[in-house]
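Here the structure comes first, spelled out in structure tokens, and everything after it is commentary.
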Amino acid sequence: MFWDLKYFLLVMLPSLAIGLWAQMKLHSAFGKYSQVPIDSGMTGAEAARHILDQAGLRDVPVEEVPGQLSDHYDPTKRALFLSSDNFHGNSVAAVGVAAHEAGHALQHLHQDAMFNLRMALVPVTQFASYAWMGVFFIGMVMHLSHTLMWVAVAIFSVMTLFQLVTLPVEYDASARAKEQLFRLGLVRQDERAGVSKVLDAAALTYVAALVGSVLQLLYYISAARDNRN
Ligand SMILES: [Zn+2]
């Protein structure tokens, strides 16, 4: 079920290809627009702070975290974390990413349905990924029974569902980011395209992850159906 040529050709190869393509798009968009200074001179941290304050979220802190593109909003801590480059950077890319993370805080504030669903799925998905490692290990050392294969399919479905729910949440956060940046006058008319390119490229990595996950799930379903033991 886990290792054969069919799996490699139908799942691994296309997933790797689309994943690499998305990463390349992201790195090229990010590489380009992190070199383009924003006219307002604002840093990512300042832009995020401004959007949060305007939404009445003065109590949500904007903090710096190590790593590259490690930017995220943590709903359990109600805090926004920006990577050093985007925290201090005053480029079109830095401000775009910072505004995207602020977009997640706005989703949280407005109790966006998909955002809430994704948050509810986090513990379930964490449990599923542990269970998946168990099944994966058993599958590597011995032949999986028919029942265990369907258990594996059920566990993997949870992880695919999580990727599926993530997609609209990410697109919505970017839409909110663009709306706030333009409404509050944080980016100029001619800077809009750059912000969009960076955020669209970032969203593409989530599309790639979902495609990979769906391919894998379909493969497991077909393997479970073929197995008559
Ligand atoms: Zn996001």
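Start at 1 and go down the list; that is how both ligands and their atoms are numbered.
Nearest N/O/S atom of His100 relative to the Zn ion (ligand 1): this is NE2. Summary: NE2 is the N/O/S atom of His104 found nearest to the Zn ion (ligand 1). The atom name of the N/O/S atom in Glu170 closest to the Zn ion (ligand 1) is OE1.
The list of salt bridge (Lys or Arg N to Asp or Glu O under 4.0 Å) pairs with a residue in residues 196-205, not counting sequence neighbours, reads Lys178-Asp200.
Ring centroid separation for the pair Phe137 and Trp132 does not come in under the 6.0 Å cut-off.
Residue Met133 belongs to a hydrophobic cluster whose other members are Tyr130, with links defined by side-chain heavy atoms closer than 4.5 Å.
In summary, the side chains of His100 and Glu170 do present a donor paired with an acceptor at a separation below 3.5 Å, with no hydrogens or angles considered.
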